[in-house]
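In what follows, a single structure is set out as structure tokens and then discussed.
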There are 2 protein chains.
Amino acid sequence: MKLTTRLIDIGNRGVLLNAVDAREISVRDGDRVEVKNLATGETVSAFVDTTATIIGPGTIGVYRPTQVRVDVLDGAEVEVRAADRPASLAYIKRKMDGQRLNKEETYAIIKDVVADDLSPSELTAYIVSTYTNPLDMDEVEYLTRAMVDTGDQLRFPSYPIVDKHSIGGVPGNKISLLVVPIVAAAGLKIPKTSSRAITGAAGTADLMEVLAPVEFTATEVQQMTEKVGGVIVWGGATNIAPADDRFITVEYPFKIDARGQMLASVMAKKYAVGANLVAIDIPVGVQTKVPSVEEGHRLAREFIDLGERLGMRVECALTYGESLVGRTIGPKVEVQEALAVLEGATEPNSLIQKSLSIAGIILEMAGKAAPGQGYALAQDILASGKALAKMKEIIEVQGGNPAVTAADIVPGTYQYVVNAPTTGYVIELNNKALISLARAAGAPQDQGAGVCIHAKKGTRVQAGEPIITVYADRKWRLQKALEEGRRLMPVVVEGMLLDRVPGRHWTTRGGQQYGQ
Amino acid sequence: MKLTTRLIDIGNRGVLLNAVDAREISVRDGDRVEVKNLATGETVSAFVDTTATIIGPGTIGVYRPTQVRVDVLDGAEVEVRAADRPASLAYIKRKMDGQRLNKEETYAIIKDVVADDLSPSELTAYIVSTYTNPLDMDEVEYLTRAMVDTGDQLRFPSYPIVDKHSIGGVPGNKISLLVVPIVAAAGLKIPKTSSRAITGAAGTADLMEVLAPVEFTATEVQQMTEKVGGVIVWGGATNIAPADDRFITVEYPFKIDARGQMLASVMAKKYAVGANLVAIDIPVGVQTKVPSVEEGHRLAREFIDLGERLGMRVECALTYGESLVGRTIGPKVEVQEALAVLEGATEPNSLIQKSLSIAGIILEMAGKAAPGQGYALAQDILASGKALAKMKEIIEVQGGNPAVTAADIVPGTYQYVVNAPTTGYVIELNNKALISLARAAGAPQDQGAGVCIHAKKGTRVQAGEPIITVYADRKWRLQKALEEGRRLMPVVVEGMLLDRVPGRHWTTRGGQQYGQ
């Protein structure tokens, strides 16, 4: 059926057909059609919505994401017909039935994922299947290679290319802002792609965006890395392992973190940027994704195995993940903390030690330091001011202002300080609750939103001493965060848990009502 | 945020927000909002699409399905805010993790399913989880009861109420058109709800629709059943066990048929219509859902167990499912065949015997016939013309023309006869390929589309004798069916499979090119 195009500015995937036309070609809401651009001959498949009134017979409504795929203008003629189901659906069903997927099947699925030829439901079925029927190492390798091959790749003229990745699950983990400049200052190339927060308060890309633009093509990432040695960009803006972005949208509502998918996603991104030496930071702790050291060792072994299959050397660092890294959670407060360290601050210890450890591993892997000497070299680079200078180069090459200092970063103007209701020990500091608090305050979208923890777990505090400051860019957001604080009570001083009154108090003891 | 409603005639679930408003309340495409109708106070949750141009800030676009749920008119004021994730998502995750769901968790999920508070992806995650981590019998019972309680129920003043269900998987299974009138003619009440074809060529509801309207409310189903003893309606139009219709849309692309879901869906619909005596037809055959007799017995046992838990008596019949029932596939040709039997035709044997067997079981369960005498009684009722008279009453009460005869039913005017290319035996008659053929010809939407098989498997045919007639209502549909036939070759005469040339011939031997 030949139809005239009408562009529709709605972010749905697919196209809109008049119900009469839909009946004529025997498709219903949610079915697939093939849309052929008669000017270019290009064909894409798209999902159908129907309407009786918005567009008339003879016209096809093309939603925003489909406009890009089929490259049509208003008024263009297209040919539309009912489409077949993609073969990859049968492979997904196979995985659902507990069978192993071979290389061709895996590639077929990932190709369709990247081409947006699978509906969100179909993609969900794939993800859930690989979660309930875990991938074996062969399948993980196929998946990794398929994710690499369906996206852009960087090809540097010389090695080594180094990279790092943190598994996540620990808040305030801003170490890339230190590791990347330290490593690059040592003369290594580190094209670091990172993610935005999904369930967290600030991903590395959200942090870097406080300092400079983070959206670049793969080619730009390569050029900038060649120029200054390192970058910190948002992976989602490149077309590097683009299947991962699709997976994330589906995993998000259920916080699915299938082991095989995770291994493949991490390593595909490292492989695609051309890294041959990779350090993986695995935070271990009951609230992280890796609850025990044994579990951490198992995961490390898998990363190393997968690296060997792909010709990459991988080292893993099991890190302390029970408590936040540094004292801040949220874009601006975290950036301020990291910049201050680059500028010479000697605190917070947890942030500095962790960053130097990971940087040290990379320096040793690349032969910049003798075994056991990486940490010291990283420390020298940091102390010498070379890491700060390198960070300014990185900020500049990405289009930010290299003159920025920690003092220039101003967190949200709406603030609330939570004081200790009593003298005693901070016996509870709940990471997940702190993240919820920062998100309620507006993080990561509102860059000034976040929390600063003045007294970490185990610290002795005097009554009236500040424990937490909450920051927000908007007044109602601060209000919302305070409500969230009262609900979640992320901090407990001296263990008066039995005194807790649900829904009212945020900190225990003394009956102080917080945030009103 | 207070917004003004603008109705949008698109069959999407959810609402459309201007990107500025979406940012203000921190929601993105695919997130949930709560929409409160300020006139009625009613609140529903809905998924968000965003646009920069279609509607301006201050306005909310309300898609068709959402209009019904929140009951707003153009220009109405609504209050919109970011919504929380429903608790049922955590229960779905639990099932994904291999845990058992208790009664409350199951009810929470099914309530959200019926309220359309789960996205298609979320619903898919639930279905896939119950497929890969099968439900145990307690979970199946909770699910069944939840499906019943979230929909309408019929309550007849007296028992027994009988019902039947065929598991499906065998084409041409039009037996309800005979079983229902036979059983009702014996004085029993049988409020038969049935489905439309999803992957098949004609569901019972599609068949009945050739003779009369099939869309009624639960109350109408009850009233009509009380009046004439039986009905054959489309279950999807009633609000009986409405969760099932949602499941079907998700199961369809993968042909997922999770055992527990299937047991629950079948039995919930029987329970909800008030049936206390139920016969289940389980076709057994390599191409059906139940490949072996052992498997059939296991499934039968589960139906009977579940029935006992619900206070219903269930009997199962394992039936021959290797070959189609009767000789026809497609709405009009099947109805014509069934009506002819009611009118006294003594063929086809497979249709008559199967219908009498199932009707006989029901007659015995209800005490209308002594054990072992049900088949004979069913045969008497059919031969006496009482079943035909009852069918006319049923057609009339549903609003069809009771004077209709088999001769009045005219299949598609575009026809093509496939003749035997050689003398020999029909050694292969592929059910799935026959269904694809009927669907390619336009079934079930085009009522005249279908196939009639003149020579079933094992039959000896003479060269040039007709094997299959293909019917279509539209010329291009016939063309498409012929192409499908050439591709699938549903019929093989005398086993010259080795001579088969892919993509060209439809029947083997003699090189006759079929259909073009």
Side-chain angles (χ1 to χ4, degrees), chain A residues 7-12 14 16 19 23-24 26 28-32 48-55 61 63-65 82 85-86 89-90 92-93 95-98 118-129 131-133 249-250 252-256 258 439 442 445-446 474 477 480, chain B residues 7-12 14 16 19 23-24 26 28-32 48-55 61 63-65 85-86 89-90 92-93 95-98 118-129 131-133 249-250 252-256 258 439-440 442 445-446 474 477 480:
Chain A
L7 303 186
I8 299 189
D9 171 39
I10 296 184
N12 287 334
L16 182 64
R23 202 156 33 231
E24 182 61 28
S26 297
R28 307 187 203 187
D29 279 275
D31 281 350
R32 282 180 170 80
V48 171
D49 292 329
T50 63
T51 179
T53 57
I54 299 230
I55 56 166
Y63 293 125
R64 210 188 308 129
R85 292 153 38 88
L89 294 189
I92 293 172
K93 180 73 188 320
K95 190 67 206 165
M96 226 180 273
D97 285 327
L118 299 183
S119 72
S121 288
E122 290 159 357
L123 183 54
T124 298
Y126 171 62
I127 295 291
V128 174
S129 302
Y131 180 73
T132 57
N133 296 323
T249 60
V250 166
Y252 164 54
F254 292 104
K255 303 187 175 76
I256 298 173
R439 286 182 66 93
Q445 281 84 359
D446 293 357
R474 295 185 272 179
R477 278 297 200 177
K480 207 174 162 200
Chain B
L7 303 186
I8 298 189
D9 171 38
I10 296 183
N12 288 334
L16 182 64
R23 202 156 34 233
E24 182 61 28
S26 297
R28 307 186 203 187
D29 279 274
D31 282 350
R32 281 180 172 79
V48 170
D49 293 329
T50 64
T51 179
T53 57
I54 298 230
I55 57 167
Y63 293 126
R64 209 188 309 127
R85 293 154 36 87
L89 294 188
I92 293 172
K93 181 71 189 318
K95 190 67 207 166
M96 225 180 272
D97 285 327
L118 298 184
S119 73
S121 288
E122 290 159 357
L123 183 54
T124 299
Y126 171 63
I127 295 290
V128 174
S129 302
Y131 178 73
T132 57
N133 296 322
T249 61
V250 166
Y252 163 55
F254 292 104
K255 305 189 176 77
I256 298 172
R439 287 180 66 92
Q445 282 84 357
D446 294 356
R474 295 185 273 179
R477 278 296 201 178
K480 206 171 165 205

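We name chains A, B, ... by the order of the sequence lines, and we start the count at 1 in each one.
- Remark: B/Val48 engages B/Val15, B/Leu17, B/Val27, B/Val33, B/Thr50 in a side-chain contact (heavy atoms from CB on, under 4.5 Å) (not counting sequence neighbours).
- No side-chain heavy atom of A/Leu123 sits less than 4.5 Å from a side-chain heavy atom of B/Thr124.
- For the set A/Arg23, A/Arg477, A/Lys93, the entry with the most heavy-atom pairs within less than 4.5 Å of chain B is A/Lys93.
- When each of B/Leu16, B/Ile55, B/Asn133 is checked for heavy-atom pairs under 4.5 Å with chain A, B/Leu16 comes out on top.
- Per-residue counts of heavy-atom pairs under 4.5 Å with chain B were compared for A/Asp446, A/Ile92, A/Thr249, A/Val250; the largest is that of A/Ile92.
- Using a 4.5 Å cut-off between heavy atoms, A/Tyr63 contacts chain B through its side chain alone, with no backbone atom that close.
- For A/Ile54, the parts sitting under 4.5 Å from any heavy atom of chain B are the backbone and the side chain alike.
- For the pair B/Pro86 and B/Leu118, the minimum side-chain heavy-atom distance is below 4.5 Å.
- Contact annotation for A/Arg439: neither backbone nor side-chain heavy atoms come within less than 4.5 Å of a heavy atom of chain B.
- Contact between A/Ser26 and A/Asp31 at its shortest, heavy atoms only, is O-OD2, 4.3 Å.
- If you measure heavy-atom distances from A/Tyr131 to chain B, the contacts under 4.5 Å come from the side chain alone.
- Residues satisfying the side-chain contact (heavy atoms from CB on, under 4.5 Å) criterion with B/Ser119, sequence neighbours excluded, are B/Phe47, B/Ser121, B/Glu122.
- Looking only at heavy-atom pairs under 4.5 Å with chain B, the residue among A/Gly61, A/Ala125, A/Gly30 that has the most is A/Ala125.
- In terms of heavy-atom pairs under 4.5 angstrom with chain A, the leader among B/Arg64, B/Gln445, B/Met96, B/Arg474 is B/Met96.
- Within 6.0 Å of CZ in B/Arg85 there are more than 12 heavy atoms belonging to other residues, nucleotides or ligands.
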